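Here the structure is a predicted model, which is why all the values come from computation and not from measurement.
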Amino acid sequence: MKLLCGTTNEAKMNSIKRAVQPLGVHIMGLNDLNCAIPQVAETGTTLLENARIKANAYYEAFHMPVFSCDSGLYFDEVREDQQPGIYVRRVQGRELSDEEMIAYYGALAQQYGGTLTARYRNAICLILDETTSYESMDLSLATEPFLLVSQPHPRRVEGFPLDALSKDIKSGIYYYDMQEKDVSSGLENGVQRFFAQALKGR
């Protein structure tokens with residue numbers, strides 16, 4: 001089965017490709033369409049609302065089975081009203097650059113002794129046709145907990161600034177210094193279960 005992944009984020013799409021490969025699902029991204037891609041305003045107030053908004057917009061535009069995801073960042077030690085959630089990059093109404101994000105979240109970690117326990121929660125909305133859709137923001141779609149620290153790694157990857165502040169929670173090693181593990185660890189099993197259930201019998 002062929003599904004359109006409603007993202008231009010190659011790293012996110014490759015992670016999902018790995019998860020669904022055993023299911024015989026072929027994933028293509030928006031960049032593979034070689035046509036104009038609609039700009040979608042993510043006006044939702046939750047991860048699931050934003051995933052649904054994007055999936056509906058891309059289904060209306062391309063009339064093919066499509067899914068979209070949305071992610072939010074959450075810390076164990078931070079009060080609910082101070083969680084970044086869906087506004088990871090937007091702080092006090094302003095969009096931060098990659099380096100500004102590193103500085104902001106590094107300073108936030110410093111306020112809590114130099115380390116925060118973090119995880120990304122995720123939501124998925126899958127639209128197969130005009131009458132059939134599936135969605136979830138179950139905790140099985142969250143990454144495993146990791147450490148977000150005040151001192152950044154020297155490496156930078158454009159578009160993924162917080163990876164420079166992220167360490168494996170068990171070893172305390174920066175993910176950038178680990179060959180077989182990254183921040184998305186633990187996510188792929190939940191994604192595979194979601195698609196296996198949604199596509200059962202298709």
Side-chain heavy-atom pair [X], [Y] within 4.5 angstrom cut-off:
| X | Y | answer |
| --- | --- | --- |
| Leu23 | Gln192 | yes |
| Leu116 | Tyr105 | no |
| Cys69 | Ile16 | yes |
| Asp163 | Val157 | no |
| Ile124 | Glu135 | no |
| Leu139 | Arg121 | yes |
| Gln83 | Phe75 | yes |
| Leu199 | Met1 | yes |

Look at the side chain of [X] and the backbone N and O of [Y], then say whether any donor-acceptor pair between them is shorter than 3.5 Å.
| X | Y | value |
| --- | --- | --- |
| Thr132 | Leu128 | no |
| Asn56 | Ile53 | no |
| Asp70 | Ala123 | no |
| Glu49 | Thr45 | yes |
| Glu77 | Thr117 | yes |
| Gln110 | Ala107 | no |

Heavy atoms only: give me the nearest [X]-[Y] pair and the separation to one decimal.
| X | Y | answer |
| --- | --- | --- |
| Ala164 | Tyr174 | O-CE2, 3.6 Å |
| Leu47 | Asn122 | CD1-N, 4.1 Å |
| Ser150 | Gly106 | CB-O, 3.3 Å |
| Glu42 | Asn50 | C-OD1, 3.3 Å |
| Arg89 | Ser97 | NH1-C, 3.6 Å |
| Thr46 | Ile86 | C-CG2, 4.0 Å |

State yes or no: do [X] and [Y] share one hydrophobic cluster built from I, L, V, M, F, W and Y residues joined by side-chain heavy-atom distances below 4.5 Å, directly or via other members?
| X | Y | answer |
| --- | --- | --- |
| Ile37 | Met13 | no |
| Tyr87 | Leu96 | no |
| Ile127 | Leu4 | yes |
| Met28 | Val20 | no |
| Leu108 | Val88 | yes |

Please round to the nearest 0.5 Å and tell me the distance separating atom [atom1] of [X] and atom [atom2] of [Y].
| X | Y | atom1 | atom2 | value |
| --- | --- | --- | --- | --- |
| Asp32 | Thr8 | CG | OG1 | 11.0 Å |
| Lys2 | His26 | NZ | NE2 | 5.0 Å |
| Met178 | Lys167 | CE | NZ | 12.0 Å |
| Asn14 | Cys5 | CG | SG | 9.5 Å |
| Leu141 | Glu188 | CG | CD | 12.0 Å |
| Ser136 | Gln197 | OG | CD | 8.5 Å |

Quiz item: cation-pi between Arg119 and Tyr74, 6.0 Å / 45°: no
Residue [X] excluded, over 12 heavy atoms near [atom1] under 6.0 Å:
| X | atom1 | result |
| --- | --- | --- |
| Glu100 | CD | yes |
| Glu130 | CD | no |
| Gln82 | CD | yes |

Stepwise ring-ring contact (aromatic ring centres under 6.0 Å, His included) test for Phe195 and Phe67: CA-CA 10 Å; Phe195 281 101; Phe67 68 92; 5.0 Å; yes
For the aromatic rings, using the six-membered ring if either is Trp, is the centroid distance between Tyr120 and Phe146 under 6.0 Å? yes
Run through Leu126, Asn189, Asp138 and flag the one making a side chain to side chain contact (heavy atoms under 4.5 Å, CB included) with Phe194. Leu126
Considering residues at least two apart in sequence or located in another chain, which fulfil the salt bridge (charged side-chain N to carboxylate O under 4.0 Å, His left out) criterion with Asp168? Lys181
Mind checking what makes salt bridge (charged side-chain N to carboxylate O under 4.0 Å, His left out) contact with Asp177, not counting sequence neighbours? none
Plane angle bin for Phe62 and Tyr58 - parallel if under 30°, tilted between 30 and 60°, otherwise perpendicular: parallel
